[in-house]
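In what follows, a single structure is set out as structure tokens and then discussed.
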Amino acid sequence: MASIPILKEREKQIHRKGAQPFSLTCGQHSLAGVVSQRACVFCGSRVVLYPIADALHLIHGPVGCAAYTWDIRGALSSGPELHRLSFTTDLREKDVIFGGEKKLQRALTELIDAYQPRAAFVYSTCIVGIIGDDVAAVCRQVAREKGIPVLPVHSEGFKGTKKDGYKAACEALFQLVGQGQVDRIDPCSINILGEFNIGGEAWIIKSYYEKMGVAVVATMTGDGRVDAIRRSHGAALNVVQCSGAMTTLAEMMQERYGIPYIRASYFGLEDTSKALYDVAAHFAGNPEIMTRTQSLVREEISAITPELQQIKAAVSGKRAAIYVGGAFKAFSLIKALRYLGMDVVLVGSQTGNDADYQTLREMCDDGTIILDDANPLELSKYIIEKGADLFIGGVKERPIAYKMGIGFCDHNHERKIPLAGYEGMLHFAREVYRSVTSPVWRFAPTRAAAAKEVSP
Amino acid sequence: MIGSSPENRPFTATRNACKLCTPLGAALVFKGIRGAVPLLHGSQGCATYIRRYLISHYREPIDIACSNFSEQTAIFGGGANLKIALDNIRRQYDPELIGVATTCLSETIGDDVPMFIREYRESCEGQDSPPVVHVATPSYQGTHMQGFHAALRALVGQLAEGGSPPGRHLNLFPGMVSPADLRHLGEICADFGLPAVLLPDYADTLDGPLWTEYQRIPEGGTPMAAVRSSGSARASLELGAVLAREKETAATFLQRTFQVPCHRLGLPVGIDATDRMFAALAEISGRPTPQKHLRERGRLIDSYADGHKYVMDARAVVFGEEDLVAGLAGFLAEIGVVPVVCASGGRSGHLAACIAERFPDHSQKGIQVLSDADFVAIEAAAREAQPDFLIGNSKGYSMARRLGKPLIRVGFPVHDRLGGARLLHLGYRGSQQLFDRIANTLMAAGQSASPVGYTYI
Ligand code: SF4
Ligand code: SF4
């Protein structure tokens, strides 16, 4: 793979764990002309707010931004499904020239009348930032007229990275928080933040907490409801999943309402258990919760262990590569893969920060490649060089893996299978097993060549 | 009944768009040129979303670079970013061509892309730098189909060279069809002994085998020399009934500039339309239609006879790209199916006329044509029309599910099934496959509705 050139400017964003001291540049704007796997600010906002199912999501801009995000996520709802529709002002030339405010206002009013949402989010895309529509003013006016919150989301694509989009989404959500009634909320209660109910994950996690005796006020934003978010400031604790997406909201709620937050991951046995124990420990005044948590963890793990052991026997020793959006997810994936006896040979993320990469380095074995904001050329180069058998990423990484004859698991918002909690770990292990041990790979030219080298 | 202008649409917002944005079409064209790398001039999100969208249909790596605007770029202009991007693409991909398509953002701030490219090329004086083709693709002016055809027009406009005497070859502009269609069209031309240049040709670049090492630019595509020689072709053949009504296309440009005779036909779906294409090829090549294809034609008619009862008077909702909708409607007319709703998010303004041409009795038949339509409008029309089946891309799935009617997947995108790239729609062979799918879908529906569940149909 020597023929794949690495750009000089990118060298600082690639680290090979070994003797050399650690320094990795990150948090930078992607280099022009490079095929970055990253999306934009709008993408970040859309991901976070997407699963709020009884809200209207109107994308103010030309058609593309809305068309490409129509029902692409696996976020499930137990009730309304407004989030699965794609609404856009679909700006035309004259709107661009004369401004799109009138069209936005008409579109919003008509949609609110037709769909009766509990709130509306209006996403500004690149072009809106340029033509200078006063989206906030239109939102205020329509909110007054219609009597529901109409929240502008400042997600102009070019104004930063996906992370800035998370922040814009949190700011929009924060407008809702604090508006509802909080009497009759259980003192042992939490909000689940940064959980998007992909394939029903929020339901799995919620059921654990309920078994533990912890009430869940709001899941944000998986299977989200506007009214639940409005009263979420009545919860005693925020449990925030994933490093990036909703920490801002947790911080804002801490500052304004004094609600503490802890971080959690529900991926893998180790991290899921830790999350549940941490929450139980927070409610130490109610020791029953801890007792129930212990038995829950014991039961759940013993239920799936036999099958996990079988899978482990089949996949142990295989090598995995990870490229995900947020680095926090990578930590959990490394642990889960180790549990299955697999080695992680490459790990990278679109949006990791210094501390994230430092942690990753500490977790990894020598020789592991660590990448920030990678592109198809780098990813393919290193998965081949490191002899990966499995690639974990999102839809854009899938064909890279398959072309090189490597198994693949989707660990992104577009998947439809829940990977959270104990049950999720089993789904994950099964998926890893099915892809890694599939007999089709022996036909892949890369593998065929490798096999020839081994056999005399 | 026919036609509906955007003004009388009941809704201001577009709800579930039946179209995509302009640079997607342009990027697809550049993926069909050998050694080319598409570069979107704008912010990162557009390029990534477009890649993601194309990947979900083709299931191939699709590298599309981006000049990656930041806030400063949006304010001060994208010239510097574009030049850095061109440099970096050259260093990493070593391309034979870079195809620059603008996005809404760079268009709105008024970037002078041709000037940036000129400046860049001047700065490369003396180096071996690839040609850079530019196409303006703001989405507020059109759909992905406009982007597709604008990119072709830009390619030949900026690269084609005349020559005398004219060459023997044919320029074939197939439109936005599947890789399988492209391969079949290539095979047909070869059977006429006609060297054909497909513009674009992503048959291999977007539907290829596994690799031994990552191909920075996948093998295949129209060679640059062939793009250049499009000005000295024997003739051009341009497929698409809607496209044929456009004033200026790549093919008409070649005719106007280099006197390359231009044949403009609808998509060859069904006997009549395919006959017209074969007649044109016979005329251009001076050879009769090869036996092999006559036999395929014969078998197709034989299957029409076998299956006519099952499809006659069935009602269909057809949606997707305008050219495909027009082509399918013509085919359905031929087998006795009534396309009660013909809908597209496209807004060329020509679709209604194309359908009217095929169905002079459209108002008696109650055929509705929806242009600039979204899926909420299409679904409302479909509910009214009580179709037996729907035919179009995957985006119609949720509508089909709610209507409880089968969806036959054709066109782009097909992202909820495998093999979107391998769907054949064109020629006698493609028509055969479509006919069988339609007849079998209707038979299956009859079978499951039957209290008896016949085992022999
Ligand atoms: S800004 Fe324009 S080009 Fe970019 S995704 Fe939106 S519609 Fe497409
Ligand atoms: S970069 Fe801008 S225009 Fe492109 S998808 Fe993101 S918000 Fe939309």
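So that the names make sense, note that chain A is the first sequence line, chain B the second, and so on, each numbered from 1.
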Exercise. Do you know which of A/Ile130, A/Val34, A/Thr446, A/Ile383 has the most heavy-atom pairs under 4.5 Å to chain B?
Worked result: A/Ile130
Exercise. So what's closer than 4.5 Å to chain A heavy atoms on B/Arg59: side chain, backbone, both or neither?
Worked result: both
For this session: Rounded to the nearest 0.5 Å, what's the gap from OG on A/Ser380 to CZ on B/Arg216? Could you check?
Result: 10.0 Å
Problem set entry | Donor-acceptor pair between B/Gln44 and A/Ser30 side chains, under 3.5 angstrom | no
Problem set entry | Straight-line distance of A/Asn375 CG to B/Asp63 CG, nearest 0.5 Å | 8.0 Å
Exercise. A/Val96 versus chain B, heavy atoms under 4.5 Å apart: side chain, backbone, both or neither?
Worked result: side chain
Seminar exercise, completed: Smallest heavy-atom separation, A/Ala444 atom then B/Leu210 atom, equals CB-CD1, 3.5 Å
Exercise. Taking the inter-plane angle between the rings of B/Tyr49 and A/Tyr68 on a 0 to 90° scale, is it parallel (under 30°), tilted (30 to 60°) or perpendicular (over 60°)?
Worked result: parallel
Problem set entry | Part of A/Ile131 lying under 4.5 Å from any heavy atom of chain B | side chain
Exercise. Where on B/Gln141 is there a heavy atom nearer than 4.5 Å to chain A: the side chain, the backbone, both, or neither?
Worked result: side chain
Problem set entry | Side-chain touch A/Ile72/B/Tyr53, heavy atoms, less than 4.5 angstrom | no
Problem set entry | A/Tyr402 portion near chain B, given a 4.5 angstrom heavy-atom threshold | backbone
For this session: Please state whether the side chain, the backbone, both or neither of B/Ile89 comes within less than 4.5 Å of a heavy atom of chain A.
Result: both
Exercise. Closest heavy-atom contact between A/Trp70 and B/Ser398?
Worked result: CZ2-OG, 4.3 Å
Problem set entry | Side chains of B/Thr143 and A/Val63 in contact at under 4.5 Å (non-hydrogen atoms) | no
Problem set entry | Heavy-atom closest contact (A/Tyr115 atom, B/Arg15 atom, distance) | OH-NH1, 3.0 Å
For this session: Measure the shortest side-chain to side-chain distance between B/Gln92 and A/Val35 over non-hydrogen atoms and say whether it is less than 4.5 angstrom.
Result: no
Problem set entry | Residue selection (most heavy-atom pairs with chain B, distance under 4.5 Å) from A/Arg38, A/Arg84, A/Glu156 | A/Arg38
Problem set entry | Side chain to side chain, A/Lys8 and B/Arg91, heavy atoms closer than 4.5 Å | yes
For this session: Heavy-atom distances under 4.5 Å only: say whether A/Lys102 touches chain B with side chain, backbone, both or neither.
Result: neither
Problem set entry | CZ on B/Phe375 to CG on A/Leu85, rounded to 0.5 Å | 12.5 Å
Seminar exercise, completed: Max heavy-atom pairs within cutoff under 4.5 Å with chain A, candidates B/Leu40, B/Ile84, B/Thr108, goes to B/Thr108
Exercise. Taking A/Gly64, A/Ala114, A/Cys43 one by one, which has the highest count of heavy-atom pairs under 4.5 Å against chain B?
Worked result: A/Cys43
Problem set entry | Closest-packed option against chain B by number of heavy-atom pairs under 4.5 Å, given A/Gly160, A/Cys126, A/Pro376 | A/Pro376
Problem set entry | Exam field: side chain A/Lys403 to backbone B/Gln215, donor-acceptor pair closer than 3.5 Å | no
Exercise. For A/Ala66, is it the side chain, the backbone, both or neither that has a heavy atom under 4.5 Å from a heavy atom of chain B?
Worked result: neither
Problem set entry | Largest heavy-atom contact set with chain A, pairs under 4.5 Å, which of B/Pro138, B/Ser67, B/Ser139 | B/Ser67
Exercise. Between CG of A/Leu31 and CG of B/Asn68, what distance do you get to the nearest 0.5 Å?
Worked result: 8.5 Å
Problem set entry | Engaged part of B/Lys395 at the chain A interface, taking heavy atoms whose separation is under 4.5 Å | both
Exercise. Checking B/Tyr58 against chain A: side chain, backbone, both or neither under 4.5 Å from a heavy atom?
Worked result: neither
Problem set entry | Shortest non-hydrogen contact between A/Pro445 and B/Thr212, atoms and distance | CB-CG2, 3.4 Å
Exercise. Can you say whether A/Pro62 sits under 4.5 Å from chain B via the side chain, the backbone, both, or neither, judging by heavy atoms?
Worked result: side chain
Problem set entry | A/Thr69 versus chain B, the contacting section by heavy-atom distance below 4.5 Å | side chain
Exercise. Are A/Asp90 and B/Lys19 side-chain neighbours, meaning at least one heavy-atom pair lies under 4.5 Å?
Worked result: yes
Problem set entry | Which atom of B/Thr48 lies closest to which atom of A/Ser36, heavy atoms considered | OG1-O, 3.9 Å
Problem set entry | 4.5 Å side-chain heavy-atom contact, A/Phe158 and B/Thr73 | no
For this session: Any chance you could measure A/Thr88, atom OG1, to B/Asn16, atom CG, to the nearest 0.5 Å?
Result: 11.0 Å
Problem set entry | A/Arg106 portion near chain B, given a 4.5 angstrom heavy-atom threshold | both
For this session: Check each atom of B/Val37 against the heavy atoms of chain A and say whether the ones under 4.5 Å are side chain, backbone, both or neither.
Result: neither
Exercise. Side chain, backbone, both or neither: which part of B/Pro209 has an atom under 4.5 Å from a heavy atom of chain A?
Worked result: backbone
For this session: Could you pull out the closest heavy-atom pair between A/Met404 and B/Tyr214, with the gap in Å?
Result: CE-N, 3.3 Å
Exercise. Where on A/Glu414 is there a heavy atom nearer than 4.5 Å to chain B: the side chain, the backbone, both, or neither?
Worked result: side chain
For this session: Could you tell me which portion of B/Ala74 (side chain, backbone, both or neither) has an atom closer than 4.5 angstrom to a non-hydrogen atom of chain A?
Result: both
